[in-house]
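What follows is a short report on a single structure.
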There are 2 protein chains.
Amino acid sequence: MPPRPKLSKTDHATIGKIDDLAGTVVSQIERGQDPFVNVPIRTLANSRWNQSRAIIEMGSAKAKRNFFNVGIAKKFMQTLLVASECKELIADDEPIAIRMLYYRTKHTIEGTRENTFEEQEESDPIIEDLEVTIDALREELKLFAEQRGGMVGPMIIEDSGDTINLAALGSGGWAVPSIVEEDVIKWKKKDCQAKFILLVEKGTVWSLLNRQKFWDHHQCMLVHGNGMPPRGVRRLLYRMHHELGLPVYVFVDNDPWGYYIYSVVRQGSINLAYESTRMAVPAARYLGLSSFDRERFKLPDNVTIKLDQTDETRSKQILAYPWFQKKKAFQKEIQHMLKSGVKLELEALMHHDVTFMAKKYLPDKLKEGGLW
Amino acid sequence: MPPRPKLSKTDHATIGKIDDLAGTVVSQIERGQDPFVNVPIRTLANSRWNQSRAIIEMGSAKAKRNFFNVGIAKKFMQTLLVASECKELIADDEPIAIRMLYYRTKHTIEGTRENTFEEQEESDPIIEDLEVTIDALREELKLFAEQRGGMVGPMIIEDSGDTINLAALGSGGWAVPSIVEEDVIKWKKKDCQAKFILLVEKGTVWSLLNRQKFWDHHQCMLVHGNGMPPRGVRRLLYRMHHELGLPVYVFVDNDPWGYYIYSVVRQGSINLAYESTRMAVPAARYLGLSSFDRERFKLPDNVTIKLDQTDETRSKQILAYPWFQKKKAFQKEIQHMLKSGVKLELEALMHHDVTFMAKKYLPDKLKEGGLW
């Protein structure tokens, strides 16, 4: 047997939460009761906008998942099965991917032809159920997803024991892992010379700005999530914002998807409301592109793209988000996009010059401190 | 005016090729001829299997693209427009993304309502035309795409002037940039302790093996391309294989897509046959998964996935590839998969244990030196 790994305080706490869950079920059985688990409901109806904290929160509604119920006995079993597997992963300090968890927990139930899971689409929601039931992030359960996104900038971090100078990683940069919790990614405040974080929507724009050493000229952390930033990137933004006091600026396409990325970074997503408290950055500022940039920076019609029906519908949905209701500037912004009938990609700035973005657009916008 | 950047030998050569192209057109005009460019044809019909070199090559057929032809005058103009823009990018040493090139070269032709390009789908093929016409890789034209994939291992590299120890990059690792040409990524033979390269299909499996320090225990470079490896990753494999003499092992799902990834790494792709000479690694070995692994490693039925009609059709196409025709073991492999009616994902190995892949499967397979 290999020696047991040294566990972190969080690891012990998470194991404790899983043990509590299991202990409750065991004592129900010992008392001759129908064993059950109370799982908080992850729906739009059970999420609410907490205005004072400025994040989307999960409500208090729960669903009883019990064993003696033909319709939900399987889910009850699956919940405990996933919990049990996660406990082992934490105890052995062996993180695995969520698809691997699916394979780990999938087996044919003895004496039947029934499998514990048929598809990963079944096991993923159970992971989320477990997260909300015991209040532990997926990352704390030692589960990761595909890593996506990158970071460079004037800062030294420690990743799994390796000291990494994020200012000396060339054109490739450091790939942001899926799990960036405190026991994996560490830093000292004195090792960070960055004054802010610039989150860029697109990997190619990040590559351009990295190549042009934007992060060096402006002393910032340059981050991208290849589109909608995955949990790892969002959690990293959250930690750097809170632990290092770095303002977060979001730089996205001027289209409904760009607005939505901004919304998720700021307030969290509706279907994963429970993660907002540890991922959302309500103070994040929108840097651009703005639909007013077309006039301001003299971008010709041929670098704009016509809005289609989906764009218009999505824009109106975003306009109606409670957290954007009182943001007059944001309302004006979207109204203006709808009126103009066109959207703008980050790449449209290339119209002027390949260095226009880094030398004119971003410095101007940063001086103004972001739009809202 | 900023000082002109110092250009590499390749940069000068590529500018020379563009100048030659332009010079030919100019002298055609001066001679009063209909100016034209001869563009090699990038089709399946004009690609051929070079058995002695073991790569897919482009044939010698060319298409005349001339100005006084209503049907192709636009393409003629586009080709020269892209060439001209690339010359500037090289001269200024300012690489941009292919979508940025589209925005840079898109404009409304004076006195008309006609745009030079309507969509990126129009400019991308023109880039490829230019590559084959002047025999310069896209990367040499200073054009990049989204970066995808990562690498860690016992090796020190230089990326854009930064020295990076790939054995000390934690769980995230070094993101492989889109351009990995000699003037960007450099190394010294003595700084590489790796004995081979393991290319893993999936990013999550790469993360697992990185986390478990597989590259350290087996002294190898651990690389992934998040699915089909992009050009940057393939070019990197090629360079490391040829310049450092490292064998390449491919570790993919046991399905038609996995076989196809292997085929592209080894022989190049059919629609981009011209890049094979500088990207294909004919000596790459297939490590797994094999359809025989199911019996050999006692994987139960519930971790297999039924082949569907598309899987069967694709498998038969791959079986018929000329470069696989004489590979008896490979033919047997695919026949066996078709007979068994199921495919296997890398994650299926998790059935046994979370360390089974790193501690049993891969060491066994490496000892055998790969399947074919």
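The sequence lines fix the lettering, A, B, ..., with proteins before strands; numbering per chain opens at 1. Source: prediction; values computed, not measured.
- For chain A, no part of B:P300 is nearby; none of its heavy atoms comes within less than 4.5 Å.
- Looking at B:V205, the atoms closer than 4.5 Å to chain A (heavy atoms on both sides) sit in the backbone and in the side chain alike.
- At least one donor-acceptor pair under 3.5 Å links the side chain of B:D159 to the backbone N or O of A:S171.
- Between chain A and the residues B:S160, B:A168, B:G203, the most heavy-atom pairs under 4.5 angstrom are made by B:A168.
- A 4.5 Å side-chain heavy-atom check between A:L169 and B:L169 finds at least one atom pair inside the cut-off.
- Among all heavy-atom pairs drawn from B:F144 and A:S207, the shortest one is CE1-CB, 3.7 Å.
- Residues B:T204 and A:R99 are not in side-chain contact: their nearest non-hydrogen atoms beyond the backbone lie 4.5 Å or more apart.
- Proximity to chain A (any heavy atom under 4.5 Å) is restricted, for B:N115, to the side chain, taken from C-beta onward.
- Of the two parts of B:Q212, only the side chain, counted from C-beta on, holds a non-hydrogen atom closer than 4.5 Å to a non-hydrogen atom of chain A.
- Using a 4.5 Å heavy-atom threshold, the side chains of A:M350 and B:L101 count as separate.
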Worksheet item: For B:I305 and A:E119, what are the C-alpha separation, side-chain angles and deciding distance, and is it a side chain to side chain contact (heavy atoms under 4.5 Å, CB included)?
Response: CA-CA 10 Å; B:I305 301 171; A:E119 300 289 344; over 6 Å; no
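- Note: A:N165 CG to B:N165 CG = 12.5 Å, rounded to the nearest 0.5 Å.
- Checking side-chain atoms of A:E94 against main-chain N and O of B:T355 turns up no donor-acceptor pair under 3.5 Å.
- Ranked by heavy-atom pairs under 4.5 Å with chain B, the list A:R104, A:E88, A:H107 is led by A:R104.
- Looking at B:H352, only its backbone comes within 4.5 Å of chain A, counting heavy atoms on both sides.
- In this structure, chain A has a heavy atom under 4.5 Å from the side chain of B:V184, while its backbone stays farther away.
- If you measure heavy-atom distances from A:L89 to chain B, the contacts under 4.5 Å come from the side chain alone.
- B:L349 CG to A:Y103 OH: the interatomic distance, rounded to the nearest 0.5 Å, is 10.0 Å.
- No side-chain heavy atom of A:Q147 sits less than 4.5 Å from a side-chain heavy atom of B:N226.
- Looking at A:M100 and B:V354, their side chains never come closer than 4.5 Å, going by heavy atoms from C-beta outward.
- For B:I157, no part sits under 4.5 Å from any heavy atom of chain A, backbone or side chain.
- Counting heavy-atom pairs closer than 4.5 Å to chain A, the top residue among B:M151, B:E146, B:H351 is B:E146.
- Nearest heavy atom pair, residue B:D162 against residue A:K213, reads OD2-NZ, 4.3 Å.
- No more than 12 heavy atoms of other residues, nucleotides or ligands sit less than 6.0 Å from atom NZ of B:K87.
- Taking A:T105, A:T108, A:I98 one by one and counting their heavy-atom pairs under 4.5 Å with chain B, the maximum is reached by A:T108.
- No other option in B:E118, B:R148, B:E158, B:E345 has as many heavy-atom pairs under 4.5 Å with chain A as B:E345.
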